[in-house]
Amino acid sequence: MDVSNLINPLNAPQRQAVTSDNPHLLVLAGAGSGKTRVLIHRIAWLMASEQATACQILAVTFTNKAAREMQQRITAFIDETQGQVKPWMGTFHSIAHRLLRIHWQVAKLPQHFQLLDNDEQLRCIKKVLRALHVDEKNEDIRQVQSFINKCKNEGLRAKEVIVSERDIRQQVLVQFYTAYETHCQQAGVVDFCELLLRAYELFRDNPDILQQYQSRYRYFLVDEFQDTNHLQYLWLRLWSGEEGELFVVGDDDQSIYSWRGANVGNIARLQEDYPKLEYVRLEQNYRSTQTILHAANSLISHNTQRLGKQLWTDGEKGSPLFLYSAYSETDEAEFIAQRILYYQEKTQGSLDNIVLLYRTSAQSRVLEEALLQHSIPYRIYGGLRFYERAEIKDCLAYLQLLLNPDSDTAFERVINTPKRGIGDRSVEEIRRIAREQQISLWQACCRLIEYGGLAKRTINALQLFVNLINSLKKDSESLALADQIAAIQSQAKLADYYKKIHKQEAEGRLENLAELVNAAREFSLYDMVSDSTISQQEHFLAHAVLETGGEQGDSTQDRVQLMTLHLAKGLEFDTVFLCGLEEQLFPHRNSIREDNLEEERRLCYVGITRAQRELYLCHSESRFVYGQRHYTEPSRFLAEIPSELVEPIRLSTAKTFFSPSSQQVIDVVVGDQVVHPIFGEGTVIEEEGIEPRKLVQVSFAEGEKWLVLATAQLQKQTESS
DNA sequence: TTTAGTTGAATAAAG
DNA sequence: TTCAACTAAA
């Protein structure tokens, strides 16, 4: 078997990783060092060298996107080696989901268990607390949710949580957890963490099943290993067992999700559990310039808790990093916008090579406004994702209810959506009956209609609702999935409803509803109803919960990208603007308080290493926070980047002279040097509490003809002087 | 039951 | 400041 095309494009450490014979291997892959490539080539190598067949390989990722990318890239190699069989590639959650669908009985789940997303989990907890007569106002439900998820991520059931006698609060939380567990079991619903925990227990408590999967899968590959939580680690270790081979790839310097349960300690744990673990470091970077890497290395070296890595490149030194010290966040945004305009004019380069990164999503607003003002097209990432939108969830809740009228989550969602005169009081009555008689809300609703007990008007409304569901159910039997969804939308009059509620947003919502029909059609096309254990409808609903993302539309347009630093992980851009590098903001005040600076620094490291060619570091001397202007200090991270790599752009000594009549800039004086504005007229910025000032672009005499933006205090000056 | 007005909280977000 | 959740009136 010729494996040269697998091996030749790799550098020495990559090659070592790909071809290693060691059954336990950890690849410490720096940013931009070709980590996905190593994973793909490893899989291809295992098959090409005939150590493994495709169906013995399991590759785990954290996002659907990463799983898809791997699937696509592996195809190129697989077609040459072995037919159509592909390794199993998926996220931890999708793999667990599939296992539970297959082994629902052993896992003690109803065959048609329903998945809960975050939001639904929260509602569910609320409901449980209400049943416990807990005063909702005094109870932080999010805290309860985070407690439950934290326990599950640690692999702990309620009865396994060790509570100290003195910690009353924890005892209460465990009580809630117990009640929530019971409720979910009765309702047949499964949240995200539960997927993993059940799948783990499935293996742990059923040696025969474990044995079956252990003998089938021998080669385990894990992407972004630094993001695994304790439970995922336990599961992996259990499944791979004595015989399985572990090939994990990760970067401790890019661990930025501890608040989500990720445990960098798993890397150290791996060493303990597998003493013969082999390490391979990928330190050659194929993305950034020397200067950018130098900055990144210096910054991250301030962390003490690391395994150690030094990125290098044989590429160019590149331009220095640019530092812009703004007066205010508006100034910062204006600078960025001006800079982008200039870039556009000079290079005709495409805008989607440019990204603006920030720590908190609230920062995007000001940036957006500046871009808007200068007619620079942009696109913001984050926020609500497709399947999380209210209109989509409403529509899917109808579908869920058709499939399983006893789904209380779905029932509660649509009973009065669109408004049909069934308010809180009536729903509360339905809940009461359901609770008393131990039946579902749907059944309780039907009983109420039969035996009365509410105002005639309400009963009528309930009857109409029941009729609607029944008629949809009857109609849908003969329809394809997409047509069922279309039928739901028209018969439930969802479009009219959204039009009425919010006139401005209606258009987008209607588009989304139409898009849902498309998505369903596409889904039917590709879904082979792989597991005959569930219907296509059910499969689609699970897909909607597990695949919350869905690519945002019209990616064809050339736009500047805006996103949080967290969202930028794994991406790369020609030009990066890091915004708001200020103490209290980045590092964020909460992280400073919680003494979590190392993770903030890693986040900064992630930001810096996104840049291929140019990196702008921006901070502002003041910022509006909660309606008040605060004066800010530059981020400590700025001081951790060697100053010789950084070129400050603001000219602190500059004075701008301009014509009071025409507002034209005449001259800018820097020290004793006069430079001339050559780009635009500049923009006067006036804000409360700050002297008005002007942004201008000027040509600099020294060295290369170098364009800078000067923000200087406005000076009154006559044209003649 | 619905709505308009008031109060209070505001890190990051995949599956 | 802004936005979501909540309270009080129509």
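Chain letters run A, B, ... following the sequence lines, proteins first and then strands; every chain starts at 1. Keep in mind it's a predicted model, so treat the numbers as computed, not measured.
One atom, CZ of A/R142, and another, C1' of C/dA4, lie 11 Å apart when rounded to the nearest Å. The distance from atom CG of A/D119 to atom P of C/dA4 is 13 Å, rounded to the nearest whole Å. Protein atom NZ of A/K126 is 11 Å distant from nucleotide atom C1' of C/dA4, rounded to whole Å. In this structure, A/L195 atom CG and B/dG15 atom P are separated by 13 Å, rounded to whole Å. In this structure, A/I141 places its CD1 atom 11 Å from C1' of C/dA5, rounding to the nearest Å.
With sequence neighbours excluded, the residues forming a side chain to side chain contact (heavy atoms under 4.5 Å, CB included) with A/F624 are A/E329, A/R629, listed by chain and number. Residues forming a side chain to side chain contact (heavy atoms under 4.5 Å, CB included) with A/E572 (at least two apart in sequence, or on another chain): A/R287, A/Q612. For the side-chain hydrogen bond (donor to acceptor under 3.5 Å, both in side chains) test, residues two or more places apart in sequence or in another chain that qualify with A/R431 are A/E412, A/E428. Partners of A/R123 according to the side chain to side chain contact (heavy atoms under 4.5 Å, CB included) rule, which considers only residues two or more places apart in sequence or in another chain, are A/D119, A/R413. For A/Y233, there are no ring pair (Phe, Tyr, Trp, His ring centres under 6.0 Å) partners two or more places apart in sequence or in a different chain. Scanning for ring pair (Phe, Tyr, Trp, His ring centres under 6.0 Å) contacts around A/F586 gives A/F637, with sequence neighbours left out.
Contact check of residues 229-239 of chain A against DNA chain B (heavy atom, cut-off under 4.0 Å) returns no residues at all.
With A/Y497 as the aromatic partner, A/R509 does not meet the cation-pi criteria of under 6.0 angstrom to the ring centre and within 45 degrees of the ring axis. Judged by the 6.0 Å and 45° rule, A/R204 forms no cation-pi pair with A/W235.
Within the nucleic acid shown, A/R589 has no heavy atom closer than 4.0 Å to any nucleic acid atom.
Counting non-hydrogen atoms of other residues, nucleotides and ligands closer than 6.0 Å to CZ of A/R169 gives a total above 12.
Pairing analysis of DNA chain B (Watson-Crick: purine N1 to pyrimidine N3 plus N6-O4 or O6-N4; G-U wobble: N1-O2 and O6-N3; both under 3.5 Å) yields stems of 3 or more pairs at B:1-10 with C:1-10.
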Protein-to-nucleotide contact annotation, 5' to 3' order, nucleotides 8-14 of chain B [B base; S sugar-phosphate only; - none; under 4.0 Å, heavy atom] | --BBBBB
Sort me out a list of protein N/O and nucleotides 2-7 of chain B N/O pairs below 3.5 Å, or just none if empty.
residue	atom	partner	partner atom	Å
B/dT2	OP2	A/N416	ND2	3.3

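Applying the salt bridge (charged side-chain N to carboxylate O under 4.0 Å, His left out) test to residues at least two apart or on different chains, the pairs with a partner in residues 253-266 of chain A are A/D253-A/R306, A/D253-A/K309.
A salt bridge does not link A/E583 with A/R589: none of the charged nitrogens is closer than 4.0 Å to a carboxylate oxygen.
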Salt bridge (Lys or Arg N to Asp or Glu O under 4.0 Å) between A/E368 and A/R365, intermediate numbers included = CA-CA 5 Å; A/E368 238 180 302; A/R365 218 199 75 243; over 6 Å; no
Result block: side-chain N/O donor-acceptor pairs under 3.5 angstrom for residues 191-202 of chain A, not counting sequence neighbours:
residue	atom	partner	partner atom	Å
A/D191	OD1	A/C193	N	3.0
A/D191	OD1	A/E194	N	2.7
A/D191	OD2	A/Q121	NE2	3.2
A/D191	OD2	A/K152	NZ	2.8
A/D191	OD2	A/Y180	OH	2.7
A/E194	OE1	A/K152	NZ	2.7
A/E194	OE1	A/R157	NH1	3.1
A/E194	OE2	A/R157	NH1	3.2
A/E194	OE2	A/R157	NH2	2.9
A/E194	OE2	A/R198	NE	2.7
A/E194	OE2	A/R198	NH2	3.4
A/R198	NH1	A/A107	O	2.8
A/R198	NH1	A/K108	O	3.4
A/R198	NH1	A/Q185	OE1	3.4
A/R198	NH2	A/Q185	OE1	2.5
A/E201	OE1	A/R157	NE	3.4
A/E201	OE1	A/R157	NH2	2.9
A/E201	OE2	A/R157	NE	2.9

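Taking the P atoms as reference points, B/dA12 lies 16 Å from C/dA5, given to the whole Å.
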